2 protein chains.
Amino acid sequence: MAYEQLELRHQLCFRLYTASRLITQAYEPYLKALGITYTQYLVLLVLWEKDNQPVNDIGKKLLLGINTTSPLIKRMEVLGLVARHGNDADKRQQLVYLTPKGKQMKEDAANIPNCLAKQMLKSGVAPEEMFKMIPLLDEFISKMSTKEKQDTIE
Amino acid sequence: MAYEQLELRHQLCFRLYTASRLITQAYEPYLKALGITYTQYLVLLVLWEKDNQPVNDIGKKLLLGINTTSPLIKRMEVLGLVARHGNDADKRQQLVYLTPKGKQMKEDAANIPNCLAKQMLKSGVAPEEMFKMIPLLDEFISKMSTKEKQDTIE
DNA sequence: TTGTTTTATATCGTGCGCGATAAAAATATT
DNA sequence: AATATTTTTATCGCGCACGATATAAAACAA
């Protein structure tokens, strides 16, 4: 058969896409209990580490554009998890900070990583195999996330 | 610091999510030239391997639900890439098949995997490192994609 | 200072993913 | 045969991701 390179089983991209969706789905029940989505959970992770950040700083840490981050934060404002205020030092910026509800949720979320680990074990996933993926993914992400996009298609 | 498990740098999930988005973004310029999206490309990969399949068979191979697959195929019908017809043997099914345009696109797409490989090389990604990910991802996907979802949250 | 460029934010439109729901056809059960 | 269950498809609503576009503020240049 010709075009072997086009077979699904040869696609790294499809594997990453599928693995990403599967693990996000695994988080879903735990996040649903908190009333948040996976992406909102990521924003909370960032803010729990450092409160009061500009919208775009949060986006950059998640490798998301402002066009994703801005409406995302807005939905989280409606949920009462965060709020924002202007920055006098730079009037373009909106500083996002956690509300008491957003801070409280950290304690409710503290067990989620452990729950996920347990669930993966239960599904038969060996943790040491998953740990092997981490440096490979980090290498890939670091190399692929350089800002300059190719402008030539060869 | 408490809650160390909640730090972004400890999250496998975030890495998979980011890596998936980055590689999909890398495909984008090549797919844009063909006028299709990444998910539509996946459907074409499936149909190029085996034409004339029920909607859900395509979805199952991509681990996508019928609620994703059905409108996806519909958009591809509008683009003139596929068409569908009822199955007399099972009147519930809609068999999806490639139009001449959809078949032709296989030749146009044949070079995409090679382009991606080149681009990753150019970005400094070592292919042998990426190959190491494949069995790990396959193991993860196979274990995590069992249909029965947990109904208990511990 | 004035003009240009860059940066930070926001909005709009489109295409996913997926939970929820519905309807029709096939299959299994009684 | 009649009923119940499962399977296949479809639709709706919502929240992303992201390209394109717009605006205001800051930084830079002439």
Side-chain angles (χ1 to χ4, degrees), chain A residues 14 17-29 31-33 35-43 53-60 62-79 81 84-96 145 147 149 151, chain B residues 14 17-29 31-33 35-43 53-60 62-79 81 84-96 145 147 149 151:
Chain A
F14 173 61
Y17 160 81
T18 302
S20 170
R21 286 193 302 110
L22 284 171
I23 195 165
T24 303
Q25 284 167 22
Y27 273 86
E28 210 273 337
L31 298 176
K32 191 179 185 179
I36 57 174
T37 66
Y38 177 69
T39 318
Q40 290 167 8
Y41 173 68
L42 290 181
V43 171
Q53 297 191 57
V55 178
N56 215 15
D57 282 23
I58 299 171
K60 277 175 184 165
L62 302 177
L63 278 70
L64 291 170
I66 185 77
N67 51 350
T68 297
T69 318
S70 173
L72 175 57
I73 301 285
K74 184 167 272 187
R75 283 186 293 269
M76 295 179 73
E77 247 181 308
V78 175
L79 293 175
L81 296 168
R84 65 179 110 191
H85 60 81
N87 182 3
D88 283 341
D90 186 336
K91 288 180 180 170
R92 294 170 302 182
Q93 288 183 343
Q94 291 288 312
L95 294 174
V96 182
S145 63
K147 205 48 177 286
K149 304 281 170 180
D151 41 280
Chain B
F14 174 62
Y17 159 82
T18 303
S20 171
R21 287 195 300 114
L22 284 171
I23 195 164
T24 303
Q25 284 167 24
Y27 273 86
E28 210 274 335
L31 297 176
K32 191 178 184 180
I36 57 174
T37 67
Y38 178 68
T39 317
Q40 290 166 8
Y41 174 67
L42 290 181
V43 172
Q53 297 189 58
V55 178
N56 215 15
D57 283 23
I58 299 172
K60 277 176 184 165
L62 302 177
L63 277 70
L64 290 170
I66 186 76
N67 51 351
T68 298
T69 318
S70 173
L72 174 57
I73 301 285
K74 185 166 271 187
R75 282 186 294 270
M76 294 177 74
E77 248 182 308
V78 175
L79 292 174
L81 295 169
R84 65 178 111 190
H85 60 81
N87 182 4
D88 283 340
D90 185 336
K91 288 180 180 170
R92 294 170 302 179
Q93 288 184 342
Q94 290 289 312
L95 295 173
V96 183
S145 64
K147 204 49 176 288
K149 303 282 172 181
D151 41 281

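Chain A is the first sequence line, chain B the second, and so forth, proteins listed ahead of strands; every chain is numbered from 1. Everything quoted here is computed from the prediction, not taken from an experiment.
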Checklist outcome for this item: B:Asp88 CG to C:dA26 C1', in whole Å, measures 15 Å

Next on the checklist: Whole angstroms only, please: what is the CG-C1' distance between B:Leu79 and C:dG15?
Outcome noted: 11 Å

Item to check | Between C1' of C:dA8 and CD1 of A:Ile73, the distance in whole Å | outcome: 14 Å

Next on the checklist: Which heavy atom of B:Leu63 sits nearest to which heavy atom of B:Ser145, and what is that distance?
Outcome noted: CD2-CB, 3.6 Å

Checklist entry - What is the distance from CG of B:Leu42 to C1' of C:dG15, rounded to the nearest Å? => result 14 Å

Checklist entry - When you check every protein heavy atom under 4.0 Å of nucleotides 16-25 of chain C, what one-letter string (B, S, -) results, 5' to 3'? => result SBBBB----B

Checklist outcome for this item: What one should report as the nearest heavy-atom pair of B:Gln40 and B:Leu79 is OE1-CD1, 3.5 Å

Item to check | Sub-4.5 Å side-chain heavy-atom contact between A:Lys74 and A:Ser70 | outcome: no

Checklist entry - When you check the phosphate oxygens OP1 and OP2 of D:dT9, does a side-chain N or O of B:Lys74 lie under 4.0 Å from one of them? => result no

Item to check | Interatomic distance, B:Phe14 CZ vs D:dA17 C1' [rounded to whole Å] | outcome: 14 Å

Item to check | Non-neighbouring partners of A:Asp57 that pass side chain to side chain contact (heavy atoms under 4.5 Å, CB included), sequence neighbours left out | outcome: A:Gln53, A:Pro54

Checklist entry - For B:Leu31 and D:dC18, what is the distance between atoms CG and P respectively, to the nearest whole Å? => result 14 Å

Checklist entry - Atom CG of A:Asn56 and atom P of C:dT6: how far apart are they, to the nearest Å? => result 17 Å

Next on the checklist: Going by side-chain contact (heavy atoms from CB on, under 4.5 Å), B:Val96 matches just one of B:Leu81, B:Val55, B:Val43. Which one?
Outcome noted: B:Val55

Checklist outcome for this item: B:Thr39 meets the side chain to side chain contact (heavy atoms under 4.5 Å, CB included) criterion, sequence neighbours left out, with A:Tyr17, B:Thr37, B:Leu64, B:Leu72

Checklist entry - To the nearest Å, how far apart are A:Arg84 CZ and C:dT9 P? => result 9 Å

